[in-house]
Amino acid sequence: MERGVSSMPGKQRRRRCVVLVVVAVLLLIVIIAVAIGVSLQQTPEQEQFKDTFITRCERFKEANCPEIWKVFQQAYVNQDHCKVPAEAYDALVAAAPFTPPCNRMMFWSKTKDVVHDFTEKKDCFVTLEDTLLGEVLDGLTWCGKEGSDETFTSGCPGWSECVDNPVRSFWNRISAAYADVACGEVTAMLNGSIPTPFHPDSIFGSVELKRFNATRVKTLNVVLVTQDNKVTNCTNASLKDLQMELDKGIKYNCKEAPQSQINACSSDPAAPCGSCW
Ligand SMILES: *[C@@H]1O[C@H](CO)[C@@H](O)[C@H](O)[C@H]1NC(C)=O
Ligand SMILES: *[C@@H]1O[C@H](CO)[C@@H](O)[C@H](O)[C@H]1NC(C)=O
Ligand SMILES: *[C@@H]1O[C@H](CO)[C@@H](O)[C@H](O)[C@H]1NC(C)=O
Ligand SMILES: *[C@@H]1O[C@H](CO)[C@@H](O)[C@H](O)[C@H]1NC(C)=O
């Protein structure tokens with residue numbers, strides 16, 4: 001017989017028992033609460049990424065965003081993050097097809113900030129990043145992992161780490177889809193502050209330009225954006241290479257335009273579209 005317990009009067013023993021039960025129940029509640037908290041927090045990156053996706057998508061009124069999210073994920077979840085080819089996004093392009101704004105389509109290479117500042121302020125031209133898929137995923141990083149249904153935003157391969165990575169394949173695929181539907185007069189903003197404004201390895205050179213089809217595209221207008229110290233001009237040999245890549249039958253124009261002039265024009269509400277260069 002244990003002395004301590006046996007010597008306790010019955011009432012006191014019962015009270016101690018109640019206290020023990022209460023403590024045990026409280027402990028259980030704390031454990032459950034912590035477990036729920038942990039499970040809710042388990043995938044904050046996934047939740048945040050999805051929130052951003054859906055919020056941006058809902059700016060496009062006609063879009064079925066939950067469906068587009070579902071189809072998007074299917075391209076890369078549960079895949080090795082270096083084995084996602086561009087074709088993995090075929091179903092996504094089909095789920096959110098591009099309706100081409102003929103004569104207003106704007107392509108660009110090495111002029112990202114200027115071109116987007118321009119299309120934001122002036123509703124004249126539409127870049128890929130102004131379309132649903134482009135806008136929703138602009139600036140984001142994502143990948144999957146074999147054996148998991150989750151979306152990761154860290155630990156994903158860099159742009160050049162492997163060719164078939166989820167982000168690079170996405171941009172290649174939707175750039176191709178946007179260029180496929182290009183029509184009428186097409187504009188491309190290139191950088192005149194670098195020695196070689198046209199790079200055959202850029203997305204514009206390797207994907208978009210090759211897709212322009214003379215049955216739909218009438219003219220390609222290159223706008224070469226220059227700064228005070230002009231580095232190159234429309235006579236540059238790389239722009240000859242560009243013309244050779246162009247589908248026969250598409251007319252070509254090139255015009256130099258100072259960046260200051262483009263900025264001034266985009267800030268002037270009275271300036272008509274197309275008068276900025
Ligand atoms: C052209 O490239 C240079 C060097 O990378 C950069 O500083 C400049 O802002 C670019 N110009 C435009 C119009 O984006
Ligand atoms: C352009 O479209 C026509 C008809 O759809 C097709 O036969 C041709 O191969 C296309 N050309 C290019 C350069 O994609
Ligand atoms: C274009 O640049 C070349 C040198 O790169 C120069 O010889 C030529 O005069 C320039 N042409 C124009 C129209 O500015
Ligand atoms: C023009 O293009 C060629 C090749 O495409 C390049 O090597 C050259 O440096 C370019 N720029 C100037 C300013 O000449």
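Indexing begins at 1, ligand by ligand and atom by atom, following the structure's order.
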Donor + acceptor pair across side chains of N78, E146 (<3.5 Å): no
Atoms of ligand 2 close to D247 [distance to a heavy atom under 4.0 angstrom, numbered from 1]: 13 (C)
Atom 8 (C) of ligand 2 [closest protein heavy-atom partner, distance rounded to 0.1 Å]: N213 ND2, 3.7 Å
Interfacing atoms of ligand 1 (cut-off 4.0 Å, heavy-atom, Q259): 13 (C)
Whether M189 lies under 4.0 Å from ligand 1, heavy atom: no
Element-labelled atoms of ligand 4 that are located less than 4.0 Å from some non-hydrogen atom of A237: 1 (C), 2 (O), 5 (O)
Nearest protein heavy atom with distance in Å, relative to atom 13 (C) of ligand 1: V114 CG2, 3.3 Å
Atom 10 (C) of ligand 1 [closest protein heavy-atom partner, distance rounded to 0.1 Å]: N191 ND2, 2.5 Å
Geometric N/O contact K210 with ligand 2, under 3.5 angstrom: no
Per-atom contacts of ligand 4 with V231, taking only distances under 4.0 Å to non-hydrogen atoms: 13 (C)
P195, any N or O under 3.5 Å of ligand 4 N or O: yes
Heavy atom of the protein closest to atom 5 (O) of ligand 1 (residue, atom name, distance): I194 CG2, 4.4 Å
Any N/O pair T196/ligand 4 closer than 3.5 Å: no
